[in-house]
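All chains are named by letter (A, B, ...) in the order of the sequence lines, taking the proteins before the strands, and each is independently numbered beginning at 1. Keep in mind that this is a model prediction, so the values were computed, not measured.
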Amino acid sequence: GDSVTQMEGPVTLSEEAFLTINCTYTATGYPSLFWYVQYPGEGLQLLLKATKADDKGSNKGFEATYRKETTSFHLEKGSVQVSDSAVYFCALSGDMGGSEKLVFGKGTKLTVNP
Amino acid sequence: NAGVTQTPKFQVLKTGQSMTLQCAQDMNHNSMYWYRQDPGMGLRLIYYSASEGTTDKGEVPNGYNVSRLNKREFSLRLESAAPSQTSVYFCASKKAGTSGSSTYEQYFGPGTRLTVT
């Protein structure tokens, strides 16, 4: 079945450091790919998405490119801030009879120190 | 526009007790979902409802039941709670279908933290 593998954390960085969180997937067909972020004590919220090969999703300085040849969707940010401390989830959408479901990776906790 | 709301925020149950987690959305979404989040496991789908009047099992449905009461509300029931059901439960909703080639995003509630002793 469909699956998502993302790098295990936790990841600890200093402010203004470069961030990469790796994500690879296994899926039939052509799924859409997502990064969700969960701030402490909150639910998940969409950070960015890409729907087809070579698409780049971007938001709040974060970027990820849908790479079909390597089945990857790595999350990057050039300069992280303390406020980026959160748990990041990579996910793909798979169809289940018209109501797409999300398959999540296990999450990567990011802590950014001042 | 409150988005997706969940009640209660916290709950402690004893083994064997029952309870219902409530979820409501005010975005007129057709699809609704229940997930559980456990450390190191990501989110796993318990049940989903593609539209009012339909429900289907997800990845981990055992020990749970759901009701899609109307388009707005989707409840999750634990008939006889077990310690293995200690988790954080999230409800989510989504507009059905796609916008061109893009699937719509899921919107999540703030979660219910459940402890079963």
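- Within the 4.5 angstrom heavy-atom criterion, no atom of A:Gln45 approaches chain B.
- Remark: A:Leu47 CG to B:Glu105 CD distance equals 11.0 Å, nearest 0.5 Å.
- For A:Gln38, the part sitting under 4.5 Å from any heavy atom of chain B is the side chain, from C-beta outward, and nothing else.
- Hydrophobic clustering keeps A:Leu44 apart from A:Val4 (ILVMFWY residues linked when any side-chain heavy atoms are closer than 4.5 Å, directly or through intermediates).
- Atom CZ of A:Phe104 and atom OH of B:Tyr35 lie 5.0 Å apart (nearest 0.5 Å).
- Under the 4.5 Å side-chain heavy-atom criterion for Ile, Leu, Val, Met, Phe, Trp and Tyr, B:Leu43 and A:Met7 are members of distinct hydrophobic clusters.
- Interatomic distance, OH of B:Tyr107 versus CG of A:Leu46, reported as 8.0 Å (0.5 Å rounding).
- Note on A:Gly43, A:Gly107, A:Ala91, A:Ala50: by heavy-atom pairs under 4.5 Å with chain B, the leading option is A:Gly43.
- For the options B:Gln106, B:Met41, B:Arg113, heavy-atom pairs under 4.5 Å to chain A are most numerous at B:Gln106.
- Crowding of A:Glu16 atom CD: a count of heavy atoms from other residues, nucleotides or ligands under 6.0 Å not exceeding 12.
- At a 4.5 Å heavy-atom cutoff, A:Tyr30 makes no contact with chain B through either its backbone or its side chain.
- For B:Gln6, no part lies near chain A; criterion is any non-hydrogen pair under 4.5 Å.
- The hydrophobic cluster containing A:Val87 also contains A:Leu102, counting ILVMFWY residues as joined when their side-chain heavy atoms lie under 4.5 angstrom apart, directly or transitively.
- Summarising the local packing, CD of A:Glu15 is surrounded by more than 12 heavy atoms from other residues, nucleotides or ligands at distances under 6.0 Å.
- Following chains of ILVMFWY side-chain contacts shorter than 4.5 Å, one can reach A:Phe73 starting from A:Val103, so the two form part of one hydrophobic cluster.
- Summarising the geometry, atom OG belonging to A:Ser93 is positioned 8.0 Å from atom NZ belonging to B:Lys94; distances are rounded to the nearest 0.5 Å.
- Under the 4.5 Å side-chain heavy-atom criterion for Ile, Leu, Val, Met, Phe, Trp and Tyr, B:Leu76 and B:Val4 are members of distinct hydrophobic clusters.
- Environment of NZ in A:Lys106: sparse, with no more than 12 heavy atoms of neighbouring residues, nucleotides or ligands closer than 6.0 Å.
- Counting heavy atoms from C-beta outward, A:Lys101 and B:Glu59 have side chains that stay 4.5 Å or more apart.
- Tested against B:Phe108, the residues A:Phe89, A:Phe34, A:Tyr36 include a single ring pair (Phe, Tyr, Trp, His ring centres under 6.0 Å) partner, A:Tyr36.
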